[in-house]
Structures are given as structure tokens and as C-alpha cells.
Trainee: 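Here it is: the structure, laid out below.
Quick caveat: nothing in here was measured; it's all calculated off a predicted structure. In what follows, every heavy atom counts, from backbone to side chain, and hydrogens, waters and symmetry copies are set aside. Along the sequence shown, the residues carry numbers beginning at 1.
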Amino acid sequence: MNERLTQVELLAHSLNKAGKRQTLAEHLGNVATLAEKFAAAFGEEAAARFVALVHDIGKARGTWQERLMQLEAGLKPAFDEIKSDHKMAAAAHAYTFSVTAALAVAGHHGGIPDLSALKEELASAKWNASRDEALHNLIAAGLEIPVLLQDIAENYFRILMLFSCLVDADSIDTSSHFFSRLDVPQFDCLSTLYEKMLAAKPSCASASGEVVTMRQAIRDACINSATKARGFFSLHAPTGSGKTISGALFALKHAAHHGMSRVIYVAPYRTIIDQTASVYQSILGEKNVLPHHSTSDFWTGSGQEDKVQRQIAENWEGPVVVTTAEQFFESLYSGRPGASRKLHNLVNSVIVIDEPQALPVSLLTPCFAALKALVGDYGCTVILMTATMLPLEHGGLLGQEVTSILDSQVNLIRVEVNLDKFKGSLWSDISAFMSQQRQVLSISNTKAGALRIYESLPKESRVYISTWLCPTHRQKLIQRVRTALNAGESCHVSSTQVVEAGVDFDFPEVMFRERAPLDSILQAFGRCNRNGLGHGVGYVFAPVEGNLLPDYRIGIACVNELLYKQGRDAYDAQTLRDYYTMLYSQKNLDAHEIMQQVEALAFQTLRDGENCFRLIKTPQEHLVVNYGSDEELGKLHDAVSAIEHATKNDDVMPRWPIRRLQKHVVSVYPQTLAKLEEMYPLAITHLLLNYHLWTGAYSETTGLGNVIASLSNDDDY
């Protein structure tokens with residue numbers, strides 16, 4: 001084929017199942033129309049249209065067209081960077097108009113590059129000939145060469161939003177060519193969803209009069225504040241005050257009042273996500289609520305309903321999205337096509353950040369910078385909900401006062417904090433005292449510590465909860481505890497922080513929390529006397545071995561100064577403010593220099609570099625365990641078989657089996673995996689990447705707890 005085509009028809013995609021190819025003109029036009037529509041929400045229609053019209057013009061080159069026909073014929077031509085790539089020729093053209101446009105185009109396969117790397121690549125002129133050939137062939141085919149009349153600001157979040165419009169539009173049109181797009185359900189409008197939430201009467205039969213009054217006051221305040229102007233709001237209220245429902249009432253009414261698009265609920269822990277999604281779906285209807293996290297059932301199902309849910313999840317098309325902080329914030333600092341598709345649908349949304357104090361301190365500044373951009377430039381409202389509110393006016397966070405939904409501080413104390421009784425105690429001291437209680441919960445800093453307490457509790461009523469159990473197992477045990485509490489049965493629980501915030505346990509009389517940062521202590525005691533029907537006592541205990549969690553060292557030092565040395569009241573609002581002031585003076589709120597990378601438009605460094613943006617920074621290895629019902633195990637074995645088949649045959653690895661593994665994974669540090677492999681070499685088989693099959697012992701009560709604890713490995717807490 002000639003280097004410079006003279007044929008009229010240039011192709012974008014090969015034959016689909018109907019035997020039809022898609023022309024380049026058709027694809028570019030379709031993507032431009034969609035991208036323009038998406039960008040209208042933030043006023044960048046012209047820029048989005050230009051980026052879309054440019055993104056695939058590299059496909060007009062003769063070598064690329066020839067390669068397409070070879071692939072269609074079942075041949076596998078060797079990949080050649082210059083001949084096979086199409087995005088860089090397009091980026092070279094876009095770069096003559098706009099750096100922003102060039103970054104978006106260069107990233108639409110594989111991810112947005114660093115600006116410095118893109119400039120270096122294009123300065124070499126290696127793509128100029130490819131660009132010139134593509135433009136020549138466009139003209140020969142009677143197609144217009146895209147032109148940008150106005151430059152686009154070189155702003156990180158502006159680039160990201162335009163990129164989101166491009167990759168979502170590109171993906172939708174490409175999938176529409178090869179596979180029929182599914183019809184999504186007709187969602188209820190936000191005003192209807194608000195009415196449904198309003199009509200759902202809170203269950204207060206098992207709560208004291210004081211608690212019922214508090215919950216009603218907070219509910220009324222949320223409803224009455226919802227018509228205020230868009231911006232930042234705080235809902236600072238005690239644990240157990242009904243923030244999940246009251247916050248949703250505010251969000252839905254606020255969104256409906258201002259003609260906004262959707263509500264996005266963001267929480268730090270899977271346990272909270274599962275609980276909240278279940279509550280919202282029961283009230284609003286399953287079709288209106290998208291629970292988006294790695295173990296959502298629809299990721300791996302083969303039914304039509306699952307396929308529809310997956311399609312909705314790709315770009316958060318539904319009216320209410322429930323997702324993790326990891327999914328939310330890492331998508332904003334990724335620049336990968338898959339993670340970025342949904343971002344344009346954040347525009348004009350109400351974003352509920354539940355338990356913001358659980359965000360890593362070292363990433364607070366970039367997390368809040370993203371929220372400020374969404375509110376300031378993209379029409380969003382953010383509501384932050386917690387019992388231990390951060391000092392939002394701090395320069396490393398928002399740097400400004402926010403609108404408080406509550407007119408005055410709500411301070412209903414249901415738990416007496418005892419700091420002294422178990423200071424310098426043995427693990428056996430805690431177990432012995434707990435064993436004398438009917439219903440009691442202890443939360444330890446480490447998995448090993450929680451196991452030590454568990455081992456001496458009454459066998460018939462004891463429960464152990466930690467990440468040494470796979471997610472399916474943890475969820476089952478959490479439900480078992482709820483059932484026992486509601487029935488008034490004997491229940492002795494030893495856990496780690498996985499139940500510390502957001503899990504609606506109510507141990508009416510007694511609870512233990514190992515000495516920890518102040519926000520953790522207060523959040524934990526929210527699991528005690530939640531409904532105000534008991535006389536809650538929360539014991540802070542300090543094992544003689546001391547704190548074994550390095551991340552807690554500074555927070556515990558602040559607690560020692562304020563509570564133990566100065567004798568402050570743990571529940572006093574000033575104590576909490578002073579605690580955060582002390583903590584932040586010793587911590588770097590942008591320890592990985594994320595904002596410096598944002599300023600440099602270093603997209604690839606942000607997602608892949610040594611100081612990349614990750615809410616969970618420590619690398620982990622994943623052990624896939626055989627736990628679950630017969631049906632769940634059958635699905636797990638199907639996933640493992642699919643992975644093994646793809647690996648054996650060197651096929652493209654499908655996503656669904658990897659997602660299905662998530663419910664059955666116990667994650668450990670690399671050094672722990674090495675010790676397990678040394679001790680149990682026949683029990684571990686490498687599956688793919690950092691996933692390994694575990695065929696050794698797995699306990700119905702402690703998961704891999706006893707196995708890992710037997711290694712005497714203090715590294716894996």
C-alpha cells in the first residue's frame with residue numbers, strides 16, 4: 001500500500017459481527033458529538049470537539065490502514081512503533097494548537113503522559129512525518145483537518161475532564177460498533193428519590209428518647225439546609241446520630257433543588273460501603289443505586305442485569321453512586337482511560353465524603369485540592385460527614401470555613417471514657433474482663449493483638465474480625481454479630497479497625513479500644529451504647545508490649561499529651577481541634593509531593609512513579625482462599641480456571657475472573673508471603689501478577705490468623 005493514500009474511504013474499525021466496518025469519518029464524528037455533549041456541563045464544548053476530531057487522525061496513515069486489514073484477516077503483524085502507533089501522529093497535530101489537547105490525545109490509549117515527556121517526544125520530530133502523512137490522506141479523502149480556534153488552559157483538572165469526555169465518548173462509540181449497547185433502566189429523578197428517602201421512617205424503637213430527639217434534630221437540619229447555595233458543607237455529629245440517612249436527605253434535596261445530576265457517596269471502608277449501599281437500595285430501589293467497588297457482584301455476573309450494571313458503572317451514569325475513597329480519589333489522580341471515563345459525570349454532582357478523617361494524613365492536601373477543584377470549577381457540592389471533623393480551615397485542607405449544617409454543636413455523650421483501669425495491661429487481662437460481660441467488643445491496633453484477646457474469650461460466643469479473613473468471611477461474621485446483638489445473646493468480639501467507623505454495632509454496656517489516635521478512639525466508642533439504652537463505658541487499654549503500629553506513633557503521642565498528661569475531656573470539641581493541630585504540626589499533609597506533580601502536569605508520574613498517588617501505599621500480595629458457600633466456591637473455581645486457561649494459551653486476560661477473586665482474598669505483605677512459602681511450599685501456587693492460590697489451612701473462625709501468627713512475624717500486623 002502506498003505511503004500516501006488516495007482512496008476516499010479511510011477506516012477506523014474492522015468488521016463487526018454484522019459484517020460492517022466503521023469509517024474514520026463516522027467514528028470521529030460520533031466521538032466529537034458525544035464529547036461535545038459531555039463537556040457542555042462545564043463549558044468546554046469546542047475544546048472537547050477538537051480533541052475528539054483529532055484523537056484518531058493517525059489512523060489515516062497507509063501503514064495503519066494496512067495493519068488493520070491484516071488484523072481483520074487473522075494475521076498478527078509484528079508491532080512497529082512508528083508504523084503501528086496512531087495516537088502520537090494525532091498528538092503532534094494537536095500540539096501545534098494546545099498542550100492540553102495534545103496531552104489528552106496522547107493519553108487516549110494507555111494514559112496521559114507527563115508533559116515533560118510529551119514535549120521531549122514531540123521535539124524530536126520523529127512523529128512529524130506520520131502527522132504530515134495523516135493530514136495529507138485526510139485531505140485526499142475529502143475530510144477536514146481539525147482546527148482549534150481558542151487555546152485551552154494548561155490546568156491539571158481541566159485536562160483530566162477533557163480527557164474523560166474523550167475516552168468515554170471513544171469507548172462508547174467503539175463498543176457500539178462491535179457490540180450493541182444495552183438499554184439502561186429509566187432512573188427515577190432526584191426529586192422522586194428525595195421523596196422516597198423522606199418517606200422512609202427511621203427505626204427508633206430501640207433507642208432512648210435523647211437519641212431519638214438528637215436524630216430528629218439532625219434530620220430536620222439537613223432538610224432545612226438543603227436549599228442553600230452550592231459549596232462545601234460539614235455535618236459534624238456524634239456517631240449513631242443517623243448521618244447516613246440525614247446526609248442522603250440533604251444531598252438528594254440539594255441536588256434536586258439546584259438541578260444537579262447525581263449524588264456520589266464516598267466512604268473509606270468496604271464495610272461501610274456494603275452497609276450503606278444496602279440501606280440506600282432498600283429505600284431508593286436497586287436500579288437507582290450503583291455500588292461501585294472491586295467486589296460488586298455485577299462485575300462478574302453473566303446475566304443481562306449484570307451487564308447493564310457494568311455499563312452504568314463504566315461512567316457512573318446512575319443517579320446515586322456508592323463508592324470507596326480509593327476508587328474516587330485515585331481516579332482523579334490516574335489519567336488512565338478506564339479510571340477517567342466517569343470523571344466528567346462528577347460535574348454538577350453532590351459528593352458526600354463520609355468519615356474524611358480516615359483519609360491518609362500524608363495525602364490530605366491533594367485529596368482536598370481535588371474537592372476544591374470540583375466545587376470551584378465544576379459546579380459540585382461537597383458534604384463532609386463525621387463525628388470527628390477535621391479542621392477544614394487548615395491551610396493544608398480547604399483553608400476556609402465551610403457551611404455547617406448544624407447551627408450548634410451536638411454533644412450527646414453516651415460513653416464514659418476510662419483511661420486508667422487497663423493502662424499497662426496484659427492481653428489476658430482484657431480477655432478475662434471481657435469474658436465476664438454479656439456483650440462486649442474490643443478493637444486492637446494489630447491483627448495479632450486482636451487474635452491474642454480472642455483466644456481467651458468464651459468459645460461459644462467469641463468472634464474474631466480482621467483482614468486475616470477474606471471479605472466474604474468478614475461480612476458473614478459482621479452479620480452474625482448484628483444478629484446476636486439484636487437478639488440480646490451473649491457476644492464477645494475481638495476485632496481490628498475494620499469495624500471502627502460506620503459499622504452499626506451497638507454494644508450497650510462495655511467496649512475496649514487499644515490506645516490509638518484520638519479520632520480512632522472516639523470513632524470506636526461509637527460502637528458502644530449507640531442507642532443510649534445502656535450505661536456505656538469505653539476502656540482505653542495499653543498492652544505492656546506497647547504500640548506495634550508505626551503509623552499511630554505520632555497520634556498516640558498527641559493523645560498521651562492531651563488526655564493523659566493534661567487530663568483533657570476526650571469528647572470536648574476543643575480537645576479534638578488541639579489534637580489535629582498537634583498532629584498536623586508533625587505530619588506532612590502532602591508527603592509524596594503530589595501537588596508539585598500536579599503543577600508540572602506529571603500525569604504518568606502521579607499514577608506510576610515512586611511517589612505516585614495511592615491511598616494504600618504498601619505493596620501487598622494476595623492469597624486466594626477457599627471460603628464461601630458452594631455457589632460462591634463454584635464461581636471462584638470458574639474464575640481460577642479462566643485465569644489458568646488464559647495464561648496457558650497466552651490469551652488476553654479477561655477482567656471478570658480477577659474481579660471475582662476479590663471476595664476471597666487475604667492480603668499480606670511480601671515478607672509474610674516469603675515466610676509462608678518457606679514454611680508451606682506446597683500450599684501456595686502462583687496464579688498471576690500478585691495473586692496466589694492458598695490451599696493450606698483456613699479457619700472458619702480466624703481465617704489465616706493462626707497460620708500467619710505462627711510465623712512470629714511482627715511485620716504483618
Side-chain angles (χ1 to χ4, degrees), residues 236 239 268-269 325 353-368 384 386-392 394-397 415 417-420 422-425 442-450 466-467 495-502 511-528 538-592 615-618 714 717:
H236 183 190
T239 55
Y269 307 121
I353 307 292
D354 201 1
E355 310 296 358
Q357 81 288 339
L359 294 170
V361 174
S362 62
L363 290 172
L364 282 177
T365 293
C367 285
F368 277 89
L384 299 121
T386 180
T388 52
M389 186 60 70
L390 304 172
L392 300 174
H394 187 283
L397 303 182
V415 179
V417 177
N418 187 309
L419 300 172
D420 299 319
F422 292 97
K423 183 168 56 176
S425 60
S442 72
I443 295 179
S444 303
N445 290 345
T446 68
K447 296 186 277 286
S466 85
T467 53
S495 178
T496 59
Q497 303 93 321
V498 292
V499 302
E500 182 171 274
M511 193 189 146
F512 284 82
R513 179 60 171 96
E514 185 175 350
R515 193 179 299 180
L518 182 57
D519 55 315
S520 292
I521 292 172
L522 297 178
Q523 288 287 342
F525 287 158
R527 309 316 111 200
C528 183
Y539 293 100
V540 178
F541 69 96
V544 292
E545 294 92 338
N547 167 56
L548 296 178
L549 205 58
D551 285 351
Y552 278 7
R553 181 180 59 83
I554 296 176
I556 289 176
C558 296
V559 165
N560 289 342
E561 172 64 28
L562 292 171
L563 301 193
Y564 287 84
K565 187 175 180 180
Q566 297 183 22
R568 298 278 202 96
D569 177 2
Y571 282 102
D572 185 76
Q574 188 61 48
T575 301
L576 186 62
R577 284 193 290 272
D578 291 344
Y579 165 79
Y580 282 127
T581 299
M582 291 177 65
L583 181 69
Y584 292 172
S585 70
Q586 301 176 66
K587 289 266 196 175
N588 186 343
L589 307 193
D590 185 15
H592 308 290
L615 259 65
I616 302 173
K617 294 287 287 186
T618 308
D714 287 341
Y717 301 107

Trainee: Go through it in stages, so that I can follow the logic: the residues are Y564 and V540, the test is side chain to side chain contact (heavy atoms under 4.5 Å, CB included), and I'd like the CA-CA distance, side-chain angles, deciding distance and then a yes or no.
Mentor: CA-CA 11 Å; Y564 287 84; V540 178; 3.4 Å; yes
Trainee: Is there a donor-acceptor contact under 3.5 Å from the side chain of H236 to the main chain of T386?
Mentor: no
Trainee: Write down the atom of I443, the atom of A524, and the distance for their closest heavy-atom approach.
Mentor: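 The pair with the smallest heavy-atom distance is CD1-CB, 3.9 Å.
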Trainee: Taking all non-hydrogen atoms of both residues into account, name the closest pair between P391 and L397 and its distance.
Mentor: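 Minimum heavy-atom contact is O-CD1, 3.3 Å.
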Trainee: Does Y584 form a ring pair (Phe, Tyr, Trp, His ring centres under 6.0 Å) with H394? I'd like the steps, not just the answer.
Mentor: CA-CA 9 Å; Y584 292 172; H394 187 283; 5.2 Å; yes
Trainee: Where do Q357 and Y580 come nearest, in terms of heavy atoms and distance?
Mentor: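 Of all heavy-atom pairs spanning Q357 and Y580, the closest is CB-OH, 3.6 Å.
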Trainee: What I'd like to find out is whether the side chain of C558 reaches to under 4.5 Å of the side chain of Q586, using heavy atoms alone.
Mentor: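 A side-chain contact exists here, since the closest heavy-atom pair is under 4.5 Å.
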Trainee: Between CG of L518 and OG1 of T388, what distance do you get to the nearest 0.5 Å?
Mentor: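 Reported to 0.5 Å precision, the distance equals 8.0 Å.
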Trainee: Whether the side chain of T365 engages the backbone of G396 through a donor-acceptor N/O pair (distance < 3.5 Å, no angle test) should be reported.
Mentor: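 Present.
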Trainee: Report yes or no: does D569 contribute a side-chain atom to a donor-acceptor pair with the main-chain N or O of T575 at less than 3.5 Å?
Mentor: no
Trainee: Within the structure provided, determine whether T496 and T467 are in side-chain contact (heavy-atom separation under 4.5 Å).
Mentor: no
Trainee: Nearest 0.5 angstrom please: L576 CG to D519 CG, how far?
Mentor: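 Between atom CG of L576 and atom CG of D519 there are 7.5 Å.
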Trainee: What closest approach, in Å, do R527 and A501 show between heavy atoms, and which atom pair accounts for it?
Mentor: NH2-CA, 3.8 Å
Trainee: Between OH of Y552 and OG of S520, what distance do you get to the nearest 0.5 Å?
Mentor: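 Y552 OH to S520 OG: 4.0 Å, rounded to 0.5 Å.
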Trainee: Enter the distance from L419:CG to N560:CG here, rounded to the nearest 0.5 Å.
Mentor: 10.0 Å
Trainee: Minimum heavy-atom separation for P550 and L548, please, with both atom names.
Mentor: CD-O, 3.4 Å
Trainee: Could you check if a side-chain atom of L359 sits within less than 4.5 angstrom of a side-chain atom of P268, using non-hydrogen atoms only?
Mentor: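 Side-chain contact under 4.5 Å: no.
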Trainee: Do any N or O atoms from the side chain of S444 and from the backbone of T446 form a donor-acceptor pair under 3.5 angstrom?
Mentor: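 Such a contact is absent between S444 side chain and T446 backbone.
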Trainee: So, applying side chain to side chain contact (heavy atoms under 4.5 Å, CB included) with F368, which one of L589, I353, L384 is it?
Mentor: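 In the set L589, I353, L384, the residue that makes a side chain to side chain contact (heavy atoms under 4.5 Å, CB included) with F368 is L384.
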Trainee: Output the distance between atom CG (L363) and atom NE2 (H592), rounded to the nearest 0.5 Å.
Mentor: 5.0 Å
Trainee: Are the side chains of Q497 and Y269 in contact, using a 4.5 Å heavy-atom criterion?
Mentor: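 No - every pair of side-chain heavy atoms lies 4.5 Å or more apart.
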Trainee: Side chains of E500 and R513: closer than 4.5 Å at any heavy-atom pair?
Mentor: yes
Trainee: Let's go through V415 and M511 carefully: what are the C-alpha distance in whole Å and the side-chain angles of both, what is the deciding distance for side chain to side chain contact (heavy atoms under 4.5 Å, CB included) to 0.1 Å, and is it a yes or a no?
Mentor: CA-CA 9 Å; V415 179; M511 193 189 146; over 6 Å; no
Trainee: Which heavy atom of F525 sits nearest a heavy atom of F512, and at what distance?
Mentor: CE2-C, 4.3 Å
Trainee: About how many Å separate CD of Q566 and CG of D578, when rounded to the nearest 0.5 Å?
Mentor: 8.0 Å
Trainee: Between Y579 and R568, is there a cation-pi geometry (under 6.0 Å to ring centre, at most 45° from the normal)?
Mentor: no
Trainee: Under the 3.5 angstrom rule, does the side chain of E514 hit a backbone N or O of N445 as a donor-acceptor pair?
Mentor: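 Yes: the side chain of E514 pairs with the backbone of N445.
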